[in-house]
Every structure is written in structure tokens, then in C-alpha cells.
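Below: one structure, written as C-alpha cells.
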Amino acid sequence: MKTAILPELPAFAHEPKPYNGPSAADVLALRREFVNPAIFAYYKQPLMIVEGSMQYVFDETGRRYLDAFAGIVTVGVGHCHPHVVAAARDQNERLQHTTTIYLHPNIAEYARDLAAKMPGNLKVCYFVNSGSEANDLALLMARAYTGNYDVIALRNAYHGGNQSTLGMTSHHTWKFNVPGGFGVQHALAPDTYRGPYGRDDREAGRKYADDVRSLIQFGTPGRVAAFIAESIQGVGGAVVYPDGYLRHAYEHVRAAGGVCIADEVQSGFGRTGSHFWGFETQGVVPDIVTMAKGIGNGAPIGAVVTTPEIARALTSRIHFNTFGGNAVAMAQARAVLQVIERDGIQANAAAVGGHLMAGLRRLQDIHDVIGDVRGLGLMLGVELVKDRTSKEPAGDACLRVFERSRELGLLVGKGGLHGNVLRIKPPMCITRADADFLVDVLDAALAEL
Ligand SMILES: Cc1ncc(COP(=O)(O)O)c(C=O)c1O
């Protein structure tokens, strides 16, 4: 059933440099011997990527791929974006590191610029090195500020891989069988595809949020430190909450003395297209916002932004992070914000994301294996099922589409608890022609199932 004409990547004027390093097989052997054995490589034949330019990456043979996963939703404005590279290079050549014990303009100016992107009184910035660190700090902050201990997270959430954030993450596949997550409980995932309240239920947001209230009443002392939620669930498979969900959930949490944490690690920096931050699509203002990934377009940066009042709670002790706010990291993050403005990145996420969504919905009309197409802007998910009524996850089919897409020049992600959701989260500079290519590749791969 192979389609006769295979999709072709849109033309792109970038000649990758000759690659003279070790072969992919040698790198794999080195990795197997010397690197953390719990990491996994995508694809039966692991792919080695040695160069990138905007929305494309190149393997060691010079073959080009459309990168629709962006280093796991991280390279937001494009691989090696010239403005970002120039800012990092310039700072690298002047001064790389001193820490916050001395003054440096980059951290102060970037904090001002980042705070200007936040609503309400969210204007105090903390800098760390990853999303896990950001969420760990947010947890500490919430507990120190409220004097409460209990935390409500959501099922199907991913908040990080260190001990405290694994407690808030809620896929068994990531959780080690060791004590962790004391005081953390998980409310129903507000998933209108798989959960009890569907998209036809206009009250779904309120009903899912009722589970947060119920959990507070039945599972905690009635007082909580925090509620934490991704604004769109990422690792869980691009789950978008029903309207009103966060508004109602926040009300219940605040009534119990807790603060509300929005995890924007994947959904921030314009990715939803309609808004700069994912939580804005729900019409709420959190008390603490955590971010990472797209903030640095590939530099290891995380941040927590909160109110001066909450920040005061952490002044009772010294709080310090050696690399947090590093001069090079801040230069790169600042350049990313500038590019988002100058290149109209958010508007492109809205326009190309809408075009892509329309194409994916067309595929849903012709391929029964597609149970659901969802997402916002350029944070999209395609959920594959064996049967549209039972919704039995089609993990095998997903894997085959995923492998075949790579052969055809398209890299996508995979997610959901059952590994049956294709995750599409490309650099936000992709074009409509790229989106058409992506849809054509998935069409061809789905037709071969
Ligand atoms: C929503 C969310 N929060 C937190 C994290 C943890 O970020 P990091 O891997 O940088 O620690 C991730 C990583 O995938 C994430 O998707």
C-alpha cells in the first residue's frame, strides 16, 4: 500500500558542514559504555544529529530532517538562530561566569524584560538551570510562604525528574519505587477525550475542578501549600483543559490557603499562538510561574517568577544557585525574547499552528486510527486508537508511524501514558510549506499501517 509519490522537504538554503567525527555506531557504543544507561534513544536505528539550522536538523551524512519536536519543545525560535548565537558568542568572549555575588547587567536586564511579559504582580525572577529545578524551587517557595505542606498536582502530569518533582509527576513509568512526593496527591486529569466529562459538556471545567476541592476536603488537613499544573499537559500528550478549569481549581486552592503554580516549561514563550503564556488561555493569573526549555532556545536555563510577597518568604535564609543567572545564559535568554518580538514568532505559531491543525483534522477524517487531534498553536497532539469507541490506545501503530516519519524526513515526538500520542511541537519558525510536508508525511505513514 506504499504511496507512489513520497513527500519532499521544502527547499532550504543551508549547506551542512562536512562531518569528520565518530560514526553513529561508535557514538552509540560509547554511550552504552559510559553514559547513564536509563536514558533512551529514539528510533530502532538511533539517529545522530550533528547540525541544525532554524526548523531543520542534519545527521552526520548531511541528510536534512524537519524537526517537529525541537529538542523536546526547547528550540523555540529555531536551531542556531543567528541573533541568539551572536548574543551568546559575544558574551562568551567577554565574560562567562562570576555568579550573583557580583553585579552584572545581564541578569538584571533580563529579569526586567521577563517580568514585563508577566501579568499582575508577577515580577520577581529566580534563575535556575532546568525545569525540574524550577519546580523544586516553586514547591519550596509555596511551602515556606503558606506554612502548609500538602500539594495538589494532576494525574498525567510531568514536572521533572528529581526527587521532589517526581513526586508531582504522575506517570508510573517515571516514578522510582522509593519514598518521595510526601504530601503530594493527584487530582483527576481534566482530559476531555479520555476523562468522564467530554467536550460536549459545557460544565466540564467546573466538574473536573470539583475533584480538586474534593481532594482538599478528603485527602488533606483542609489547608494546602500549592496546586501545580502544566498549562497544557506536554509529556502526557498535549492535553488541553476545558474552559474554566484552572479558574475554578484556583478558587478552591486559594480558599484552602494555597498558592497556584503554573508550569510553563513547555507551553510558554508564545507556543500557544493566541497567548504568550499557556495559563492566559484559561484566563487566570498564577502566584508562581515556572519555565525552562524554550526560555533559552537550547541553553540550560530555568526560571521561577513570583510576587514580591511570596519572594519575601525565601529571604529568611540565604538562597543561592551557582549557575542561575549566568551571564551567557542571560544573554542568550534575552536574545530569545528579542527574536520572539522581532520575528513575530507568536503570530507565526498561531497562523502555522492553525494551518497544521486543519491538516491534521483532515487526516482524522480519512484515517480511523486517529482518535483525537488536539492542542493549541504549535503544541499539538495526535492520539492513535485501535477503535474509536473503546479508545484502546494504539501504541504499536504510533511507533510505526513515528519510525516511518523519520525515514521520510520528519522528526516528531511520542507521548501519553501508553505512548500512543504523536507530539508535534516544532521550532516556532516553521512555515506553511513545512506544515504541509508534515501532514503529507503522516498521511503516507498512516496509509501504510
Ligand atoms: C512541563 C514540564 N515541566 C518540567 C519539566 C522538567 O524539565 P527539565 O527536564 O529541564 O528538568 C519538563 C520536562 O520535560 C516538562 O515537560
Side-chain angles (χ1 to χ4, degrees), residues 36 38-40 42 69-76 126-142 151 153-171 173-176 180-181 184 186 189-191 226-241 246 260-269 271-272 277-279 281-282 286 288-305 321 323-324 326 329 332-333 336 375-381 412-417 419 421 423-425:
N36 165 12
I39 51 172
F40 56 92
Y42 263 3
F69 204 31
I72 316 193
V73 212
T74 296
V75 183
Y126 293 70
F127 295 107
V128 292
N129 310 289
S130 68
S132 301
E133 261 194 276
N135 284 330
D136 178 72
L137 176 57
L139 188 65
L140 172 69
M141 221 176 235
V151 171
L154 295 183
R155 293 189 191 160
N156 200 40
Y158 186 86
H159 294 295
N162 59 13
Q163 194 146 355
S164 76
T165 57
L166 272 181
M168 302 191 285
T169 288
S170 78
H171 279 181
T173 41
W174 301 97
K175 284 162 117 46
F176 286 88
V184 180
H186 295 91
D191 177 349
F227 168 79
I228 181 166
E230 294 157 88
S231 299
I232 298 174
Q233 289 183 329
V235 172
V239 173
V240 179
Y241 310 146
L246 285 183
C260 299
I261 305 170
D263 180 334
E264 288 284 339
V265 168
Q266 294 205 13
S267 52
F269 296 91
R271 188 159 284 280
T272 63
W277 303 109
F279 61 76
T281 65
Q282 287 268 319
I288 301 174
V289 181
T290 61
M291 54 197 86
K293 292 188 185 274
I295 188 174
N297 205 49
I301 309 170
V304 181
V305 185
N321 186 308
F323 291 117
N326 165 278
Q332 182 146 337
V336 170
L376 295 175
L378 285 173
M379 186 158 177
L380 303 176
V412 294
K414 219 159 33 70
L417 181 63
V421 183
R423 293 165 63 197
I424 300 168
K425 306 164 181 184

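This one's a predicted model, so the numbers in the text were calculated from it and none came from an experiment. Whatever order the structure lists them in is the order used to number ligands and atoms, beginning at 1. Note: hydrogens, waters and symmetry copies are ignored here, and every other heavy atom, side chains too, is used.
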Could I get the full list of side-chain hydrogen bond (donor to acceptor under 3.5 Å, both in side chains) partners for Ser130, not counting sequence neighbours? none
Distance-only side-chain donor-acceptor flag, Ser132 / Asn162, under 3.5 Å: no
Under the side-chain contact (heavy atoms from CB on, under 4.5 Å) test, which residues partner Asn156, sequence neighbours left out? His171, Ala189, Gln233, Val239
Might you list the protein residues in contact with ligand 1, defined as having a heavy atom under 4.0 Å from one of its atoms, sorted by chain and number? Ser130, Gly131, Ser132, Asn135, Tyr158, His159, Gly160, Glu230, Asp263, Val265, Gln266, Lys293
Which residues pass the ring-ring contact (aromatic ring centres under 6.0 Å, His included) test with Phe127, not counting sequence neighbours? Tyr110
To the nearest 0.5 Å, atom CG of Leu166 lies from atom CZ of Phe176 at 7.0 Å
Kindly assign one of parallel, tilted or perpendicular to the pair Phe40 and Trp174, based on the angle between their ring planes and the thresholds 30° and 60°. tilted
